[in-house]
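Since the structure comes first, as structure tokens, the remarks are kept for the end.
Below, each value reflects all heavy atoms present in this structure, side chains not excepted, and no hydrogens, waters or symmetry copies. Counting convention: from 1, in listed order, for ligands and their atoms alike. Residue indices begin at 1 and follow the sequence shown. The structure displayed is predicted, hence computed values, not measured ones.
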Amino acid sequence: EKAGYDHFMLKEIYEQPKAYRDTMMGRVSDDGKTVTLKEIGMTTEQIKAIRKVHIVACGTAFHAGLVGKTIIENLARIPVETDVASEYRYRSPIITPDTLVIVVSQSGETADTLAALREAKRNGARVLAVTNVVGSSVAREADDVIITQAGPEIAVASTKAYTSQLIAFSLFGLYLAEVLGTKDGAWVAEVIDAMHQLPEQVEAILAQANVLKQVAESISKHDNLFFIGRGVDFAVAQEGSLKLKEISYIHSEAYAAGELKHGTLALIEEGIPVIAVITQEDLYEKTLSNIKEVKARGAHVLAIVNEGMEHEVAKSVDETFVIPKTLQVLAPALSVVPLQLIAYYASLARGNDVDKPRNLAKSVTVE
Ligand code: F6R
């Protein structure tokens, strides 16, 4: 059932192009100009009445929510807060009937996420669930459900579910933009077109897996590393760091690139690997100056950079891995893929059980 792959995780990484296509299928008009989310029962009036959005989830699903925040704020101009579900209920969040609470859960059974959903409903908010499992607890209890069409995810480390969640957020963001009129039709069509290109672009990244295997093998000899980025690149850095920790058992930290100098820079020493995610044209010069800070202290820097910026970035780093060009808001759907492969190959190099990492369960049904 691993279809020729050594591990479910690798199979699921390679299923991402299909997962992207399937998650978009039936949700874009035939002319490719508009998003149609028939599963959203909210009326135009209800959507216009949304004053704020809370995105609540755990782990990797939470990291998808961090990207979702940027998407919704940029596309729909509605303020979004993000919380990990285990914190949400206990901070007395200000949930009002004009709050839309979005819970994100691959399994739809995560106890903390389900409890957050119930808390939201008790306070009169409308709840939208983004989940991979039809008929799951989260799907049954939410008001609206967007099913990610990633197919079953077996490996404990989530990959295709995460990227499908990014696609779902992009679709929902576009849908809000259409209803609220926050973006013009030509722009929406441009984003949809760019989304249609993502599957092939992921294939192009997968075709370079060997390069990432080599990177991972050298990383596997270290006990510490850093991931840095700004904006959505920071969100992706957090996901890359989690993925690496959970299956390779190598300690890593994800840092907002500009925040390093406020303390963490003290940990940078000769030879430490730093993986920088740089996909946002308007931010890359800032991230480059942070890269210079770590380089000056002996760090070995790999930049995950998007096409067009690689020559500029290459001057300041040790290695670059180039991802195909896409719109800034969609970049996470590509930039995370090399990080998934690095985590996979680092785990493999260390001889770990890739699909069943120690101490972890696929579905966390205790709080
Ligand atoms: C990490 C991972 C976990 C889950 C988290 C939430 O690779 O898989 O962090 O993302 O336990 O699970 P779901 O999405 O099922 O609620």
Side-chain angles (χ1 to χ4, degrees), residues 7-13 15-16 19 23 55-68 82-89 101-120 127-142 145-169 227 235-250 252 254 332 336-337 339-344 346-347 352-367:
H7 298 94
F8 283 110
M9 183 182 177
L10 193 62
K11 173 173 177 267
E12 290 160 6
I13 288 172
E15 283 170 346
Q16 291 179 112
T23 300
I55 301 178
V56 189
C58 301
T60 287
F62 172 72
H63 293 155
L66 295 178
V67 178
T82 52
D83 280 90
V84 289
S86 57
E87 290 290 322
Y88 187 63
R89 272 177 307 151
V101 176
I102 305 179
V103 293
V104 191
S105 176
Q106 186 283 129
S107 63
E109 302 297 345
T110 300
D112 280 314
T113 307
L114 189 57
L117 178 160
R118 289 175 180 158
E119 176 75 6
V127 177
L128 164 65
V130 176
T131 178
N132 199 36
V133 181
V134 181
S136 59
S137 303
V138 160
R140 278 185 278 113
E141 295 191 28
V145 184
I146 298 179
I147 297 290
T148 48
Q149 301 288 355
E153 193 179 63
I154 311 292
V156 166
S158 180
T159 54
K160 63 176 182 171
Y162 169 83
T163 43
S164 303
Q165 287 156 3
L166 300 185
I167 299 298
F169 270 117
F227 289 84
V236 170
Q238 290 174 73
E239 173 56 10
S241 176
L242 175 64
K243 212 91 302 173
L244 184 75
K245 277 180 282 208
E246 70 173 323
I247 58 171
S248 76
Y249 317 149
I250 300 169
S252 66
V336 75
V337 178
L339 303 186
Q340 295 169 340
L341 284 166
I342 289 172
Y344 173 77
S347 175
N352 297 347
D353 186 346
V354 176
D355 284 338
K356 287 201 177 64
R358 68 188 184 201
N359 311 342
L360 299 174
K362 182 66 182 163
S363 188
V364 183
T365 51
V366 290
E367 287 184 22

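Salt-bridge check for R89 with D112: passed, with a basic side-chain N closer than 4.0 Å to an acidic carboxylate O.
For residues 150-165, the salt bridge (Lys or Arg N to Asp or Glu O under 4.0 Å) pairs, not counting sequence neighbours, are E15-K160, E153-K362.
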Verdict with supporting geometry, V101 and L117, side-chain contact (heavy atoms from CB on, under 4.5 Å): CA-CA 8 Å; V101 176; L117 178 160; over 6 Å; no

side-chain contact (heavy atoms from CB on, under 4.5 Å) between L10 and L341, intermediate numbers included: CA-CA 8 Å; L10 193 62; L341 284 166; 4.0 Å; yes

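Taking every heavy atom of G59 and a limit of under 4.0 angstrom, the matching atoms of ligand 1 come to 9 (O). Interface of E246 with ligand 1, defined as ligand atoms under 4.0 Å from a residue heavy atom, comprises 1 (C), 7 (O). Residue S105 approaches ligand 1 through these ligand atoms, each under 4.0 Å from one of its heavy atoms: 13 (P), 14 (O), 15 (O), 16 (O). Near A157, meaning under 4.0 Å from one of its heavy atoms, ligand 1 places the atoms 7 (O). Within the listing of ligand 1, atoms 7 (O), 8 (O) sit less than 4.0 angstrom from a heavy atom of S158.
Distances from atom 15 (O) of ligand 1 to the heavy atoms of S107, A85, C58, A61 show the closest one on S107.
Of the protein's non-hydrogen atoms, the one nearest atom 12 (O) of ligand 1 is T110 OG1, 3.5 Å. Among protein heavy atoms, atom 14 (O) of ligand 1 sits closest to Q106 N, 2.6 Å. For atom 11 (O) of ligand 1, the closest heavy atom belonging to the protein is V364 CG2, 4.2 Å.
Distance alone, capped at 3.5 Å, is enough to place a donor-acceptor pair between the Y249 side chain and the R358 backbone. Between the side chain of E109 and the backbone N or O of S136 there is no donor-acceptor pair closer than 3.5 Å. The backbone N or O of V56 lies less than 3.5 Å from no partner atom in the side chain of D83, so there is not a single donor-acceptor pair. Side-chain atoms of D355 come within 3.5 Å of backbone N or O of M9 as a donor-acceptor pair.
Among the atoms of Q165, none of the N or O lies under 3.5 angstrom from an N or O of ligand 1. For ligand 1, the polar-atom distance check against T60 finds a nitrogen or oxygen pair separated by under 3.5 Å.
Nearest approach of L166 to V67, heavy atoms of both residues: CD2-CB, 3.7 Å. Shortest non-hydrogen contact noted between A168 and T148 is CB-CG2, 4.1 Å.
Heavy-atom distances between K243 and ligand 1 reach below 4.0 Å in at least one pair. Taking 4.0 Å as the cut-off, S363 does not count as a neighbour of ligand 1 on heavy-atom distance. At least one heavy atom of V156 sits closer than 4.0 Å to an atom of ligand 1.
Heavy atoms of K362 found under 4.0 angstrom from ligand 1: none, in either backbone or side chain.
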